[in-house]
Structure formats: C-alpha cells, structure tokens
Amino acid sequence: MAYYHPKPAPGRHFLQIPGPTNVPDRVLRAIDNPTMDHRSPDFGAMVKALLEKIRLVFRTAGPVVIYPASGTGAWEAALTNTLSPGDRALMCETGWFATLWKEMADRLGIASEFIATDWRRGADVAAIEARLREDKAHAIKAVCVVHNETSTGATSRIDEVRRAIDAARHPALLMVDTISSLASIDYRHDAWGVDVTVAGSQKGLMLPPGLSFNAVSDKALKASETARLPRSFWDWKAMLAANATGYFPYTPSTNLLYGLDAAADMLLEEGLENVFARHDRLAEATRRAVRAWGLEIQCAEPRHFSSSLTAVRVPEGHSANALRATILERFNMSLGNGLGRLNDRVFRIGHLGDLGDLQLMGTLSGVEMGLRAAGVPHQPGGVQAALDYLSGNA
Ligand SMILES: Cc1ncc(COP(=O)(O)O)c(C=O)c1O
C-alpha cells in the first residue's frame, strides 16, 4: 500500500510514471541504515569508492559531481559553471523539459535560441549543424539537448549531435540532460564528447528523488575557470576539491548515497549493456501493445522511440486524464500525465528502472482494462501482443 493513500487499496501500488520509479528492496535496505558522520574516515572512504563506481555508469573517466538536489538543480549547475551573462546557447525544443531548461537559461541571463520540433521527435540534428555553420564568429557557447524527452517519449541521437558540432568545426560545449535516460538507454559521456551530462537519481538509477549529477569534461572544467554567471551552492570548484578526499563542501544526502552505492552495484552486476537491452525489449513490447490497441504513439519517428517510456495519444474527444484517474481508482496504478501542450492528450507509460517482464505485463493489463472501463475506443489484444513478443524473445 502507498505510504499516503486516504483509501486503503489492496496489493502493491503500480508506480508506472516515467520517474520517480520503483525503488528496489536492495536499495531501500541500503538507505535504511543509520545516518553516519559525513566527516568521518568511514564516510570519506565510502564516497571515494562510490565516485569511482559512478563514473562507470556515465561512461566517463572524468569527475562526476553529486548534488543533494533534484535534476533541476543539476541543470542550473551545468549552465552557471560554464557560461557568462549574455552568452548564446543553442537549445532544442523537444518538449516540455527542454522548454523548462530554456526558460531557466533565459532567467539566468543566457541568450538562448530554440530549434523547434513538433514535440513528436528528437532534436533536429541538421538544423543544429546548419545554425552552427552560420555562426562564423562562434558566438554560440553551448549546445544543450535533452537526451530523452520525458514529456514525449522521444530520444535524441547524441552521437549525431556530436558529429554535427564537429562537422561545423564549432567549439561550443555540448551539454546533455540524461535525467530519464541514464542507466536505461545507451549513453556515453566520453565517447560522444559530451562536456556536461546532467542526471537525476529518481529514474534509471532506481533511487528516490533527491540526488542529481554533473559529469564534467576537461573542456567544461576549463570553461568554468572564466565563466562569470553567479554561482555558489552549485560551484564545481569547491565540490571537486572536497570530493578529492571523499567529502563534500556541505552536508550531503548521506542515506541516498548509501542507496546510490547499492544501485550502482546492481547496475554493474547486471551489466550496462544488459540493462539497456532489457529496456529496449520492454519498450518494444509496450509499443506492440499500443499498436494492437489501435492507439497512436506520440513519438512519430521510429529512430527516436524511447526505451524508458511510451507516451500514448488518446483519440480526439477523449480525456487522457480521465483515463488515468480511472486506472488509479480501479487498478491502483499511476501513469504519467501529459505535460504542457500535451495535457489531457497523452498518457505516459514508464517502463524504466527496476522492471521485469511480469511487472510490464501487469502494467499493460492495467492500461487495457482501464481503456475498457473508461470507454476509450480501442481494439482488444494489446496485452496479448506484448505477451507474444516477450515470450517469443524470452
Ligand atoms: C528530462 C528531464 N529533465 C529534467 C527534469 C527535471 O528534474 P527534477 O524534477 O528532478 O528537478 C525531468 C523530470 O522529470 C526530466 O524528465
């Protein structure tokens, strides 16, 4: 039963929003240890080992900074550590979260430019390259892309964005939000030449909300030496100096760090490639169910289908919010709502984090029963289509 649920509901709540995700028992048990002195020798030793381990998840040999904050804080850290007032940033309007990041940049005094999409695909790589080629004076200091747009279920091709920046011979920093892709969808900070990777704890990392991350390249570190946007809490310099001996410049989220240690062990024991393949497979099963129901997937570009969530459009004249309310009430399952312009138009099925075949089948059963109960026009057989796929591929 949920911790706060005014009406007792039997059975386990299905938390199938695209983050926060289900926290595995092993991580919960790790968090459920006595809080320790964050200036003690034991704590320093634990953090030093953890900082090494977490690099493997980001696939970087460089530093990863951990903040006691939600993902939004790590967005701000990425921008304020590298840019100065009036600097230009090229951003890509993939959906709601890209829009929030741009609004933050504007509020911080960054001159951001937005490359539009229709919220049905990932970043427009050709448009990025064209804009950078045009920028002969190199006024653009950063290209910012959301890897997996959680509002639409579209994943941008960061390898292609890197190639576009290189083809234009442009020196801009590349900053990537991996809040709903890290540890779910293939991602390579070093190999793709990313300068700042932004991440959060509550999705693929299988933790509660409350930690966020910046993986930082040498080029970004160098930029931080001259960047003039005001920063204090987010400053990499103080953080990296303290991290060198396993400590933090302020009180860290001690118990969430225990959880992170356990989560990193789980991911590395499963193997990142296997983690990505598991997500790909569950996502494909979900899409087969959606197609069998005769419903439309919000992401219209198959190369950009997300492996961590699927946003599903409801037919005209029907309410995605009413459907979600029915599913919560009748079947004790939470699905993601439509954000911004997609409010009431889509519902989002999260299939990331600590998830196996049977949990996905329960989730899809809840959706199919909900479609019927809420009177949303659909064909039956989505659950069967997913089941056929998963059993054939098991
Ligand atoms: C892609 C993406 N970026 C940024 C955020 C904001 O992160 P937070 O809510 O942890 O501050 C989210 C949250 O869902 C997200 O999915």
Side-chain angles (χ1 to χ4, degrees), residues 15-23 58 65-80 89 91-108 112 114 117 119-123 144-158 161 174-185 187 189 194 196-215 233-234 253 256 259-260 263 279 283 298-299 304-311 334-340 342-343 346-353:
L15 181 66
Q16 296 308 139
I17 58 175
T21 61
N22 297 290
V23 180
F58 285 81
V65 166
I66 307 176
Y67 295 106
S70 85
T72 302
W75 268 348
E76 183 161 337
L79 298 173
T80 58
M91 306 180 92
C92 301
E93 189 199 354
T94 44
W96 174 252
F97 288 103
T99 303
L100 291 183
W101 200 9
K102 181 201 188 288
E103 287 172 2
M104 170 189 277
D106 292 342
R107 281 195 299 275
L108 290 170
S112 64
F114 228 4
T117 72
W119 288 35
R120 301 202 67 175
R121 61 204 75 241
C144 302
V145 184
V146 174
H147 183 209
N148 186 69
E149 177 55 72
T150 324
S151 63
T152 65
T155 305
S156 293
R157 295 295 302 257
I158 303 303
V161 174
L174 174 57
M175 306 206 205
V176 181
D177 169 340
T178 65
I179 289 176
S180 60
S181 58
L182 189 86
S184 306
I185 300 173
Y187 184 76
H189 176 91
V194 180
V196 189
T197 296
V198 173
S201 55
Q202 72 271 29
K203 307 202 188 223
L205 289 177
M206 310 180 290
L207 290 160
L211 294 180
S212 58
F213 307 82
N214 278 177
F233 181 82
W234 306 115
S253 299
L256 287 181
L260 179 62
H279 283 78
Q298 174 65 16
C299 179
H304 296 165
F305 281 152
S306 168
S307 286
S308 54
L309 78 136
T310 301
S334 293
L335 297 172
N337 63 332
L339 293 165
L342 297 178
N343 178 33
V346 304
F347 63 93
R348 295 174 299 145
I349 304 171
H351 36 74
L352 76 164

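Nothing fancy with the numbering, it's 1 onward along the sequence. Order of appearance sets the numbers: ligands from 1, and atoms from 1 within every ligand.
Within 6.0 Å of atom CH2 in W234, more than 12 heavy atoms from other residues, nucleotides or ligands are found, so the atom counts as buried in its surroundings.
No side-chain N or O of H279 forms a donor-acceptor pair with one of S307 less than 3.5 Å apart. No side-chain donor from either of H147 and S156 sits under 3.5 Å from a side-chain acceptor of the other. In this structure, a donor-acceptor pair under 3.5 Å is absent between the side chains of H351 and S308. Donor-acceptor pairing under 3.5 Å is lacking for the side chains of W119 and E149.
When heavy-atom distances to ligand 1 are checked against 4.0 Å, the residues falling inside are S70, G71, T72, W75, F97, V146, N148, T150, D177, I179, Q202, K203, ordered by chain and number.
Here Y187 and F58 keep their ring centres 6.0 angstrom or further from each other.
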